[in-house]
Amino acid sequence: YPIYVTTDTPSPEFGSKKISMGAMGDSFYEYMLKVWIQGGRKAKSWESKYRRMYDRAMDGVHAKLKKVSNKGGYTFVGEFNGVQVADKMDHLSCFLGGNLALGAYTHPDGMDSPNAQRDLKLGKALAYTCYQMYAHMNSGVAPEYVTFHGDRDFGVAGGNSYYILRPETAETLYILYTITGDPVYREWGWEIFRAVERHARSDIAFATLPDVSDPNKAKDDKMESFFLAETLKYLYLLQDPDSEIDILNKHVFNTEAHPLRRFDRF
């Protein structure tokens, strides 16, 4: 789905051809799935149309946006600019790894169905790429987006080299660990936390970094609210063996990481 809708016409219509799983598009795809889950994952309900929309959209991701880098073979989702798919991936797009895994686990045809397994495989591949977005940087934290050009993976330039404490990779690691039980997701999350603690912590809080390639640069004097609401929450839950939050049977997180009880679990 294009990211813009215009109402300057007799009836609403798409206002551009740009399609992105990142900025201005991410939460739409997240909520198509999660509204259906919150409603009880029922095959025949008013929410079921959103599950169908989600599944069609993921078909499109596989067919049109999924790409593999030439050098390292990293799987990523590009951004369609109306003409072609750009070889870039936003940190915001890293939510998709966990969302695909959650969609696979809750798939109406069962987790063993071909489409569920297809989506889980892509979710795991994106999680690995997003982890490497951190591991490849001198600071150990990821930039706002990376590019994949020719023989260069994880390209970073001045305009995208900053880190504003984003949560999407931590979110994906938490969901994948919860669903698969694979301890590698905990290990990656711990590495990310240690890097954030090492380079982004200030005397009184945490701060954004202007350049992930140079951790010695002075920090910016600001901390986004989603760092507390989402990033730290997901990193904590990833390591917590006794959490009462149950995203597989009882709860669903909204896009700001607030856990809500499913309507059929009250």
Side-chain angles (χ1 to χ4, degrees), residues 1 3 18-38 50-51 53-55 57-58 60-62 64-67 74-80 88-107 118-134 141-146 160 163-180 185 188-189 192-193 196 224-238 245 247-248 251-260:
Y1 297 91
I3 61 174
K18 183 177 180 180
I19 298 173
S20 173
M21 295 291 118
M24 297 182 284
D26 52 345
S27 296
F28 175 62
Y29 299 97
E30 184 177 358
Y31 275 141
M32 279 195 289
L33 175 64
K34 289 184 174 180
V35 166
W36 175 74
I37 292 175
Q38 188 180 35
Y50 298 115
R51 175 75 212 208
M53 289 171 63
Y54 168 80
D55 287 331
M58 293 308 102
V61 168
H62 283 274
K64 302 294 185 181
L65 300 183
K66 183 183 76 171
K67 305 190 78 172
Y74 294 102
T75 301
F76 64 99
V77 286
E79 183 177 280
F80 182 66
K88 68 181 285 281
M89 182 168 172
D90 290 358
H91 189 289
L92 283 161
S93 299
C94 286
F95 91 97
L96 189 59
N99 216 59
L100 282 162
L102 188 61
Y105 181 84
T106 60
H107 198 283
R118 176 202 66 175
D119 288 355
L120 181 60
K121 181 179 179 180
L122 178 57
K124 290 179 178 180
L126 292 176
Y128 180 68
T129 299
C130 291
Y131 161 68
Q132 291 296 339
M133 286 170 64
Y134 285 76
V141 295
E144 183 69 0
Y145 66 86
V146 295
N160 65 314
Y163 172 67
I164 59 173
L165 309 168
R166 287 204 183 277
E168 291 78 21
T169 298
E171 174 185 3
T172 275
L173 298 180
Y174 165 69
I175 294 173
L176 272 166
Y177 175 73
T178 302
I179 288 175
T180 69
Y185 300 115
W188 294 349
I192 289 171
F193 173 75
V196 172
E224 300 283 351
S225 62
F226 55 66
F227 178 67
L228 300 178
E230 299 181 69
T231 310
L232 284 184
K233 184 184 295 179
Y234 283 125
L235 289 172
Y236 173 82
L237 289 173
L238 180 58
I245 295 175
I247 62 169
L248 304 184
H251 302 103
V252 60
F253 281 101
N254 72 2
T255 194
E256 301 304 323
H258 303 304
L260 306 172

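For the numbers below, each heavy atom of this structure counts, side chains included, while hydrogens, waters and symmetry mates do not.
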- [ ] State, to 0.1 Å, how close Gly25 and Ile3 come at their nearest heavy-atom pair, and which atoms those are.
- [x] CA-CG2, 4.1 Å
Task: Test item: Val146 and Phe76 side chains (from C-beta on) under 4.5 Å apart, heavy atoms - done: no
Task: Polar side-chain atom of Lys233 near backbone of Ala229 as donor-acceptor pair, under 3.5 Å - done: yes
- [ ] Using modelled atom types only, decide if a donor and an acceptor are shared between the side chain of Ser20 and the backbone of Glu79 within a distance under 3.5 Å.
- [x] no
Open item on the list: Do Cys94 and Glu171 make a side-chain contact, defined as non-hydrogen atoms from C-beta onward lying under 4.5 Å apart?
Closed with: no
Task: Heavy-atom side-chain proximity of His91 to Tyr134 below 4.5 angstrom - done: yes
Open item on the list: Whether Glu144 and Arg166 form a salt bridge (side-chain N of Lys/Arg under 4.0 Å from carboxylate O of Asp/Glu) is what I want to check.
Closed with: yes
TODO: Consider only side-chain N and O atoms of Glu230 and Tyr234, and report whether a donor and an acceptor are under 3.5 Å apart.
DONE: no
Task: Atom pair CD1 (Ile37) and NE2 (His251), whose distance is rounded to the nearest 0.5 Å - done: 13.5 Å
TODO: May I ask you to decide if the ring planes of Tyr131 and Trp188 are parallel, tilted or perpendicular, using 30° and 60° as cut-offs?
DONE: parallel
- [ ] List in chain and number order the residues that pass ring pair (Phe, Tyr, Trp, His ring centres under 6.0 Å) with Phe28, two or more places apart in sequence or in another chain; answer none if no residue qualifies.
- [x] Tyr1
TODO: Could you tell me whether the side chain of Leu102 reaches within less than 4.5 Å of the side chain of Phe253, counting heavy atoms only?
DONE: no
TODO: Say whether, by atom type as modelled, one donor and one acceptor occur between the side chain of Asp90 and the main chain of Ala23 under 3.5 angstrom.
DONE: yes
- [ ] Check whether any side-chain heavy atom of Thr169 lies under 4.5 Å from a side-chain heavy atom of Met133, and answer yes or no.
- [x] no
Task: Test side-chain contact (heavy atoms from CB on, under 4.5 Å) applied to Leu126 and Thr172, step by step - done: CA-CA 9 Å; Leu126 292 176; Thr172 275; over 6 Å; no
